[in-house]
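In what follows, every chain begins at residue 1, and chains take the letters A, B, ... in the order their sequences are listed.
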There are 2 protein chains.
Amino acid sequence: MPRKVTILDVAQASNVTKSTVSRVINDSPLVNEKTKQRVWKAIKELGYTPNRTARSLALGKNHVIGMVVSEQQISDVVLNPFFPTVLKGITTVANREGYNILLLSLSGQDARSYTEVVQRHTVDGFLILGGPLDVNLGRDLDKMKVPYVFLGKHDPEAEHSFVSTDNEEGGYLAGKHLLDLGHREIRLLVGEVKGTVLAHNIERIAGFKRAFRDSDIPFEDRFVAKMPTDMDSSYYFMKSYLDKEKPSGLILSNEVTSMSCLNLLMDEGISVPEELSLISFGDSQFFRNTRPSLTTVSQSVEWLGRTAMEMLLKRVTGEVWLPSKIIRKPEIILRGSTKKCD
Amino acid sequence: MPRKVTILDVAQASNVTKSTVSRVINDSPLVNEKTKQRVWKAIKELGYTPNRTARSLALGKNHVIGMVVSEQQISDVVLNPFFPTVLKGITTVANREGYNILLLSLSGQDARSYTEVVQRHTVDGFLILGGPLDVNLGRDLDKMKVPYVFLGKHDPEAEHSFVSTDNEEGGYLAGKHLLDLGHREIRLLVGEVKGTVLAHNIERIAGFKRAFRDSDIPFEDRFVAKMPTDMDSSYYFMKSYLDKEKPSGLILSNEVTSMSCLNLLMDEGISVPEELSLISFGDSQFFRNTRPSLTTVSQSVEWLGRTAMEMLLKRVTGEVWLPSKIIRKPEIILRGSTKKCD
DNA sequence: TTGTAGGCGTTATCAA
DNA sequence: TTGATAACGCCTACAA
């Protein structure tokens, strides 16, 4: 096998030095038209393609974005439509701008394991997928001048760069919708991971309470409950929960638990929305194709991915360096799973 | 901001040269225990982490695998559980072995765009996700000594490295199962992409026919039909198809069209399996959680991902270089969507 | 056991 | 307009 053809081979073949070849492939204006043609000819004939690694080393830039997914999440990925959807948004922008995505999974959650990754891989920036992170991470990365954007992490108080949806508003919308329909026995069920409720759900609960205040209806603690997040456990949780509680309206925090719930209700012969109104948080497209289709507080997950990537590339190129936040208002998409309480 | 700490900084801090530091971080045996300790101490204190790009350049290796997804596929990714599932298998192995995944999307389908990618990115190998590829690609990559594995591409004739399931056998299993249950009006519906039937479906059709031969039942061409693959089109296709045809058994080629079909049958009030028996090809886990749960010809998608990655890494490390093929027999998982024809 | 020196493939800064 | 030459950060003979 012929060894890889380098810039030097091209230089010799076209009777110039590497410098000139380098200028040619980088489209520098200060090179004679004639030699330029000669060099291109040699490039074509030899089948030369610049080596990215060498270029990265010289430039300190890669055109590669590290997409950080905690190991826990990467296991949850199956059947949870969040990941592929957000990835679609991310890759759309990345391809358009000539960047590639390096999948990085992290075992630890501390800032140190991130900064280690930062140094190990010469990536131009990090897109960090949600989940509970060290509070100082954003600050540390900023201090190290490492471009990053959090996706789906919503911590309005901190000076981080992130793209997220307004979860408080989402909780409000869901609660308000059911209350407006006349439901009084309504429940918000939020997932718990290892005993803790994730930040976005805490915000949703806050919004949920606001809906009650807003409607002058007293809120009671029993209106909120925690549940497991995987398909099987959530199914059995729902089963026993509905043995005790008899809500007329139910709000679920993600696609997986909503599917479980839908399955259970079908198995138990409880009809939606006749006997129970159902709302799910989740991607706008997902519950369009269930039976019944679900009224959804929409997350626009693909939009999240696109926007986060665009924000990140602006930081990478230096176009906009300052930390910035984009919080998108969710919308409630009315479909067939909610009706007036009679 | 302090500039990045390099091997030289460590060397100076510990009163040795870069060579020694290099030996220490690469765990070379020929270095004094005492200096080793001294160097490690400096590494810790300075927070040094080796730069991967530089290392790649020197070594010609990266510990990065390029995962090639055609642009068409990356758009199909949403809601199609194949991608996240296979990705889970891939990342599981990659993490275990210390490799990372670089997402590469390709616009072209010709060998040239691949070889270009091969040279551009210094990745150690390519995992190439299914779909219709240039027939010569495998040969060309082999010729260039570029490690690769096709995933889900099954071309038993060619001397390629690939991991796949035995689609012919899958078609056979599905057909045989329905015939054994006494069904005679059965249909195999395969997706068509831009007017062409993908290779794996052609094989399934062959197996489907074999099931008829095997049962001494004459096969008729009308038993096989092509259908669109996206959620909406396939729904409307099914609608008009079932207006004309009245099968008692139906086999669908993937998760998306099966969901459409399930939705349509529910909308039309056709009960499964009482009025129609249904079989889907797809991941073993997916249809466990539909109502009814579907009898599935299982693809073990996660296994595919794991196995392909393991095979690839063996080629990358040189442990096994020769092109090899792994074809897994599918199994039929009996669930609630098929019953005896009465 | 450690140091020296050259190379991996590019880019960038000077001179010429 | 082009050519030397020195980085970029690490690895590895070869020498000491």
Side-chain angles (χ1 to χ4, degrees), chain A residues 2-40 42-43 46-64 116-124 145, chain B residues 2-40 42-43 46-64 98 116-124:
Chain A
R3 65 165 177 62
K4 276 178 215 151
V5 19
T6 78
I7 201 171
L8 194 59
D9 301 318
V10 178
Q12 290 170 339
S14 46
N15 268 328
V16 290
T17 54
K18 347 185 251 168
S19 321
T20 306
V21 178
S22 177
R23 287 187 193 104
V24 170
I25 59 183
N26 288 302
D27 215 25
S28 160
L30 26 76
V31 50
N32 184 298
E33 188 59 36
K34 256 182 110 175
T35 55
K36 189 183 281 186
Q37 309 234 325
R38 195 152 34 95
V39 171
W40 271 120
I43 289 177
L46 298 176
Y48 166 74
T49 327
N51 176 317
R52 273 210 177 201
T53 307
R55 181 175 273 176
S56 298
L57 186 60
L59 289 179
K61 288 200 178 284
N62 241 336
H63 276 218
V64 170
E116 205 174 286
V117 170
V118 176
Q119 304 196 333
R120 246 190 181 48
H121 307 272
T122 316
V123 300
D124 299 333
K145 301 271 187 209
Chain B
R3 65 163 178 62
K4 277 179 215 150
V5 19
T6 78
I7 202 173
L8 193 59
D9 300 319
V10 178
Q12 292 169 340
S14 44
N15 268 330
V16 291
T17 55
K18 318 188 282 173
S19 329
T20 306
V21 178
S22 176
R23 289 188 191 103
V24 170
I25 59 183
N26 288 303
D27 214 25
S28 161
L30 24 78
V31 48
N32 183 299
E33 187 60 36
K34 256 182 112 176
T35 56
K36 190 184 280 186
Q37 309 233 327
R38 194 150 36 91
V39 171
W40 272 120
I43 288 177
L46 297 175
Y48 166 74
T49 328
N51 176 318
R52 272 210 177 202
T53 307
R55 180 176 273 177
S56 298
L57 187 60
L59 252 36
K61 291 202 177 280
N62 240 336
H63 275 218
V64 170
E116 207 173 283
V117 170
V118 177
Q119 305 196 332
R120 248 190 179 48
H121 306 274
T122 316
V123 300
D124 300 334

Quick check: closest heavy atoms across [X] and [Y], and the distance to 0.1 Å?
X     : Y      : value
A:S14 : A:V39  : OG-CG2, 3.8 Å
B:V5  : B:G47  : CG1-O, 4.0 Å
A:Y48 : A:I25  : OH-CD1, 3.9 Å
B:G60 : B:D124 : O-OD1, 4.5 Å

Side-chain N,O (A:S22) to OP1/OP2 (C:dT11) below 4.0 Å =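 Indeed, a polar side-chain atom of A:S22 lies that close.
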Does a nitrogen or oxygen in the side chain of A:T35 sit under 4.0 Å from OP1 or OP2 of D:dT2?
->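 The answer is yes; a side-chain N or O of A:T35 sits under 4.0 Å from OP1 or OP2.
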What does A:L8 touch in the nucleic acid at a heavy-atom separation under 4.0 angstrom: a base, only the sugar-phosphate, or nothing?
->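 It contacts nothing in the nucleic acid.
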Quick one: label B:V21 by what it contacts on the DNA or RNA (base, sugar-phosphate, nothing), any heavy atom closer than 4.0 Å.
->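 The residue B:V21 makes no contact with any strand.
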Only one of A:S22, A:P50, A:S19 passes side-chain contact (heavy atoms from CB on, under 4.5 Å) with A:I7; say which it is.
->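 Of all the options given, the one that passes is A:S22.
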Test applied, side-chain contact (heavy atoms from CB on, under 4.5 Å); reference residue, B:I43; option that passes from B:D9, B:T49, B:V10 =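 With B:I43 as partner, side-chain contact (heavy atoms from CB on, under 4.5 Å) holds for just one option, B:V10.
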Distance check needed: [N] [atom2] versus [X] [atom1], whole Å only.
X     : N      : atom1 : atom2 : answer
B:Q12 : C:dT2  : CD    : C1'   : 17 Å
B:I25 : D:dT12 : CD1   : P     : 10 Å
A:L30 : D:dT2  : CG    : C1'   : 10 Å

Taking only N/O atoms, report every protein-nucleotides 6-9 of chain C pair under 3.5 Å with atom names and distance.
residue : atom : partner : partner atom : Å
C:dC8   : O2   : B:A58   : N            : 3.4
C:dG9   : N2   : A:A54   : O            : 3.4

May I have the list of side-chain donor-acceptor pairs in residues 29-36 of chain A shorter than 3.5 Å, sequence neighbours left out?
residue : atom : partner : partner atom : Å
A:N32   : OD1  : A:K34   : N            : 2.5
A:E33   : OE2  : A:Q37   : NE2          : 3.3
A:T35   : OG1  : A:N32   : O            : 2.9

Dump every N/O contact between nucleotides 13-16 of chain C and the protein below 3.5 Å, one line per pair.
none

Just by modelled atom types, is the A:T53 backbone N or O under 3.5 Å from a matching donor or acceptor in the A:N51 side chain?
->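 Indeed, once roles are kept as given, a pair shorter than 3.5 Å links the two residues.
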